[in-house]
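See structure below.
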Amino acid sequence: GCPIRFEGAASRAVFSRGPADAPVVVIGEAPGAEEDRAGRPFVGKAGRMLDRMLEAIGLNDRVFITNTVFWRPPGNRTPTPEEQLVCKPFVEQAIRLVRPTMLLLVGAPATRCLLDQTEGINRLHGRWFEWRTADGDLEVPALPTFHPAFLMRTPSAKAMAWADLKLFAERLNRPSRP
Ligand code: URA
């Protein structure tokens with residue numbers, strides 16, 4: 001039912017990559033052109049940057065990666081809240097099935113979709129939130145940070161992203177998690 005699927009720019013669904021028993025779920029915004037071609041999220045330039053960020057905190061292959069919508073929006077525009085709402089039950093079900101220890105939300109659209117937070121990412125990054133299923137069965141600490149595509153355009157934000165990642169890794173590796 002996601003309208004982007006019928007907007008002509010998208011060729012295929014892009015759902016996830018990474019192991020289904022990963023301790024961390026990363027949620028981005030939407031697939032881009034390379035993801036659309038490959039059928040896998042975060043495989044283009046931003047994806048390589050994301051991989052380097054995750055490697056820097058020792059998470060290499062221990063992440064399940066998905067997006068707020070599963071089709072490439074035409075012209076790579078930001079998905080609307082309505083489009084995100086259509087895909088949201090599938091994102092939530094993925095989190096339920098993976099049962100990660102923590103969620104990393106990259107960028108404002110992912111933070112808005114998962115946490116219903118409408119402030120800008122400059123105010124939200126590096127702050128802990130609790131993501132909950134509607135039935136309260138699962139609670140997962142969630143940390144918003146900057147989107148790798150934004151970091152490539154704005155290198156001055158990299159220090160703040162690095163501080164967020166260190167915070168994330170510190171909690172993940174803490175013996176008495178969460
Ligand atoms: N940007 C995203 O948010 N997701 C992708 O899969 C690729 C680029």
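Values below: every heavy atom of this structure, side chains too, minus hydrogens, waters and symmetry copies. Bear in mind the structure is a predicted one, so any value in this text is a computation, not a measurement. For ligands, and for the atoms within them, numbers begin at 1 and follow the listed sequence.
- Stacking of Arg12 on the aromatic ring of Trp71 is not recorded, the 6.0 Å distance cut-off and the 45° axial limit not both being met.
- One finds a salt bridge joining Arg127 and Glu119 here, because a Lys/Arg side-chain nitrogen approaches an Asp/Glu carboxylate oxygen to under 4.0 Å.
- By the 30° and 60° cut-offs, the orientation of the rings of Phe146 relative to His125 is tilted.
- Ordered by chain and residue number, the residues placing a heavy atom less than 4.0 Å from ligand 1 are Gly28, Glu29, Ala30, Pro31, Glu35, Pro41, Phe42, Asn67, His147.
- A donor-acceptor contact under 3.5 angstrom links the side chains of Gln84 and Arg112, judged on distance only.
- Between the side chain of Arg171 and the backbone N or O of Leu167 there is no donor-acceptor pair closer than 3.5 Å.
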query = How far apart are the C-alpha atoms of Val26 and Leu54, what are their side-chain angles, what is the distance that settles it, and do they pass the side-chain contact (heavy atoms from CB on, under 4.5 Å) test?
reply = CA-CA 10 Å; Val26 175; Leu54 296 169; 4.3 Å; yes
